[in-house]
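Heads up: the structure comes next, in structure tokens.
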Amino acid sequence: MEYSIEVLFLDLMKASILILISHIIRSKIKFIQNLYIPSSLLAGFLGLAMGPYGINCLTFSNKASGYSSAFMVIVFSAIAYGSFSLVKRNKNDNKENLKSFKGEALKRILALYVYRSIVSIVVYIVPIIVGIYIVNRFQLLPEGFTILVGGGFVGGHGTNAAFSSVITQNTGWLDANDIGMTFATIGILLGLIGGIIQIKIATNRKYTYFVNRFESLPQQYKTGFLEENERSPLAQATVSSIAIDPLAWNFIMVMIPTGLAYATIGYVRKIFETVPTYLWAFLIAILLIQILKITNLGKYVDKNCIQRISSTATEYLVFFGVAGIKISIVIEFAMPIIILSTVALISLLIFMYTLAPRLNNLYWFERSIFVYGYCTGVYAIGLTLLRIVDPNSKSKTLEDAALTSPIDFVEYYTLLLGPVLMSTGKVNTFLGVMIIMLIGSFVVAFVLKLWNSPHLERKTDSELC
């Protein structure tokens with residue numbers, strides 16, 4: 001069938017039906033509930049099982065393999081709104097905010113930031129070093145292959161959709177997306193299942209501070225449905241629906257940079273050949289944000305609504321990414337995938353149990369299990385694991401993580417330059433900068449005296465006094 005707008009909507013319909021079915025399955029089957037697998041990921045597995053590499057009863061158009069990249073551009077257009085302020089700040093307000101974070105509170109925030117930075121760097125560079133200098137001797141890996149490990153673990157499906165598109169563009173390796181989606185899927189499964197196993201062990205060993213035994217999340221986190229008394233507003237209406245629908249207003253803010261990126265990327269690449277579309281969309285969104293700020297229209301843009309748009313795009317990105325994986329490619333690179341995933345996981349666990357108690361002190365497990373989830377999938381995985389061990393957010397982990405997110409230099413560097421450098425032969429440049437940031441993180445920790453004596457077991461009330 002020739003590709004057309006009807007075919008596009010048929011593909012989206014099939015994806016929507018599978019996501020719906022998966023969500024219902026998740027709400028009914030306790031075994032799947034206890035794994036906390038996202039409905040879109042479960043739907044991706046269903047699509048894979050029903051597709052050409054399974055029982056072959058479900059087909060998508062020949063353009064479906066590119067949907068992940070397209071949704072990824074939407075996601076990155078939306079990310080900019082969460083990273084930058086939309087309104088003008090009063091200088092006096094900024095000074096007051098800085099004054100409120102001092103002493104032990106500032107040390108606590110910086111300690112979490114340093115710990116998260118170190119772990120993120122390690123999950124990226126260790127598999128790259130092992131892959132290039134060891135695995136390559138047994139099986140030659142395509143350029144850019146090894147960064148997909150960190151991209152999948154730390155960033156998830158969205159990040160690896162971005163990375164793989166850059167790798168394909170620069171190297172011509174057409175199977176990068178299949179490997180990228182595989183690493184991202186492995187990361188999420190290790191994050192959820194591995195995190196729950198660790199929590200059970202930690203409660204038995206008294207590493208946790210707020211729970212004495214393993215306790216499950218509230219029922220809505222298992223079934224995926226919220227009862228009437230548990231529901232909250234999705235977003236705020238910042239414009240009158242008589243003039244324009246509030247959702248449409250915020251959707252416009254995402255679609256303008258997305259569309260402009262596709263319309264102008266060809267001209268940009270005449271000067272900068274390796275600029276990926278998602279990065280160009282991100283930069284255009286930043287420019288639009290500055291215009292909104294100058295014109296004072298930014299206060300009418302709801303970040304929560306844009307976050308929902310981004311998350312919706314991510315659901316379909318995950319589905320099409322997983323459902324479209326070519327099993328034959330995964331089998332071809334099975335050995336490197338297993339080895340590098342294992343290396344990444346071991347590196348993460350080593351730093352979790354040696355470094356986290358020294359940097360995070362009292363609530364070290366609560367804060368490190370959040371970082372573990374964050375570095376094996378997506379932010380939501382870390383949030384899910386944290387809610388189990390800190391249901392009332394008393395460790396201030398989310399608050400501290402949110403404050404430092406706008407200055408996450410490791411994330412900015414890996415997202416903006418990582419896949420470009422790794423796929424154009426500049427591996428040593430990428431590793432060199434990452435190692436400098438790693439050393440810098442340790443230096444900051446020592447200079448600012450962020451280190452503590454490790455206390456693995458939780459303290460008693462008398463010890464706290």
Side-chain angles (χ1 to χ4, degrees), residues 1-19 40-41 43-44 47-48 51 59-81 148 151-152 155-170 173-182 184-185 248 250-269 274-285 288 306-326 378 415-416 419-420:
M1 182 186 297
E2 184 178 350
Y3 191 77
S4 63
I5 191 67
E6 289 84 1
V7 174
L8 167 63
F9 280 106
L10 280 173
D11 286 340
L12 292 175
M13 178 203 69
K14 294 173 185 176
S16 300
I17 290 174
L18 287 181
I19 294 174
S40 56
L41 181 59
L48 187 62
T59 58
F60 290 93
S61 70
N62 56 4
K63 299 291 184 180
S65 59
Y67 290 163
S68 290
S69 296
F71 281 115
M72 172 265 302
V73 177
I74 296 175
V75 170
F76 273 82
S77 294
I79 284 176
Y81 288 89
L148 293 173
H157 291 85
T159 297
N160 262 3
F163 283 11
S164 60
S165 67
V166 176
I167 293 169
T168 299
Q169 175 191 323
N170 293 335
W173 180 37
L174 300 177
D175 300 319
N177 189 66
D178 298 287
I179 300 300
M181 293 300 107
T182 300
T185 302
N250 289 282
F251 189 65
I252 286 169
M253 301 303 163
V254 177
M255 292 312 298
I256 287 176
T258 300
L260 283 176
Y262 277 110
T264 59
I265 191 64
Y267 300 104
V268 175
R269 285 177 181 163
T274 58
V275 173
T277 307
Y278 76 87
L279 171 57
W280 186 232
F282 181 79
L283 296 175
I284 292 175
L288 178 58
I306 288 183
Q307 175 60 43
R308 299 276 65 79
I309 294 170
S310 174
S311 298
T312 300
T314 302
E315 299 290 350
Y316 285 93
L317 185 158
V318 170
F319 171 80
F320 283 110
V322 175
I325 292 175
K326 300 182 183 70
V378 290
L415 284 176
L416 304 183
V420 175

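Side chain of N250 to main chain of I306: no donor-acceptor pair is present (N/O by atom type, distance under 3.5 Å, no hydrogens or angles). No donor-acceptor pair under 3.5 Å is formed between the side chain of S164 and the backbone N or O of A176. When atom types are taken as modelled, the side chain of K14 and the backbone of T59 share a donor-acceptor pair closer than 3.5 angstrom. Panel note: side chain T168, backbone W173; a donor-acceptor pair is recorded below 3.5 Å.
You'll find the side chain of L288 stays beyond 4.5 Å of the side chain of L260, heavy atoms only. In this structure, N177 and N160 have side chains that are not in contact, with every pair of non-hydrogen atoms separated by 4.5 Å or more. In this structure, the side chains of L415 and F76 come closer than 4.5 Å at one or more pairs of heavy atoms. Residues Y316 and S16 meet the side-chain proximity criterion, which asks for heavy atoms closer than 4.5 Å. In this structure, V73 and W280 have side chains that are not in contact, with every pair of non-hydrogen atoms separated by 4.5 Å or more.
Shown here for S40 and E315, the closest heavy-atom pair between the two residues is OG-OE1, 2.7 Å. Taking every heavy atom of both residues into account, G44 and F319 meet most closely at N-CD1, 3.6 Å. Taking each heavy atom of L416 and V420 in turn, the nearest pair found is O-CG2, 4.2 Å. Annotation for A281 and P257: closest pair O-CB, 3.8 Å, computed over non-hydrogen atoms.
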Please step through side-chain contact (heavy atoms from CB on, under 4.5 Å) for the pair L8 and Y3, ending with a clear verdict.
CA-CA 8 Å; L8 167 63; Y3 191 77; 3.5 Å; yes
Steps toward side-chain contact (heavy atoms from CB on, under 4.5 Å) verdict (L148, T182):
CA-CA 9 Å; L148 293 173; T182 300; over 6 Å; no
Step by step, work out the side-chain contact (heavy atoms from CB on, under 4.5 Å) result for M72 and H157.
CA-CA 9 Å; M72 172 265 302; H157 291 85; over 6 Å; no
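For the residue pair Y278 / S77, no side-chain donor-acceptor distance below 3.5 Å is found, with atom types taken as modelled. Of the N and O atoms on the side chains of Y67 and D11, at least one donor lies less than 3.5 Å from an acceptor on the other residue. Q169 and S165 form no side-chain donor-acceptor contact under 3.5 Å, judged by distance and modelled atom types alone.
Atom-to-atom distance recorded for L279:CG and I284:CD1 is 10.0 Å, nearest 0.5 angstrom. A distance of 11.5 Å separates CG in L18 from CG in L48, rounded to the nearest 0.5 Å. Going from atom CZ of F71 over to atom OG1 of T312 covers 10.0 Å, rounded to the nearest 0.5 Å. Distance check: T277 OG1 to I265 CD1 gives 4.5 Å after rounding to the nearest 0.5 Å. Atom CD1 of residue I309 and atom OH of residue Y81 lie 9.5 Å apart, to the nearest 0.5 angstrom. Note that the OG atom of S68 and the CD1 atom of I325 stand 9.0 Å from one another [nearest 0.5 Å].
Shown here is F9, whose CZ atom has no more than 12 heavy atoms of other residues, nucleotides or ligands within 6.0 Å.
With ring centers used as reference points, F320 lies under 6.0 Å from F60.
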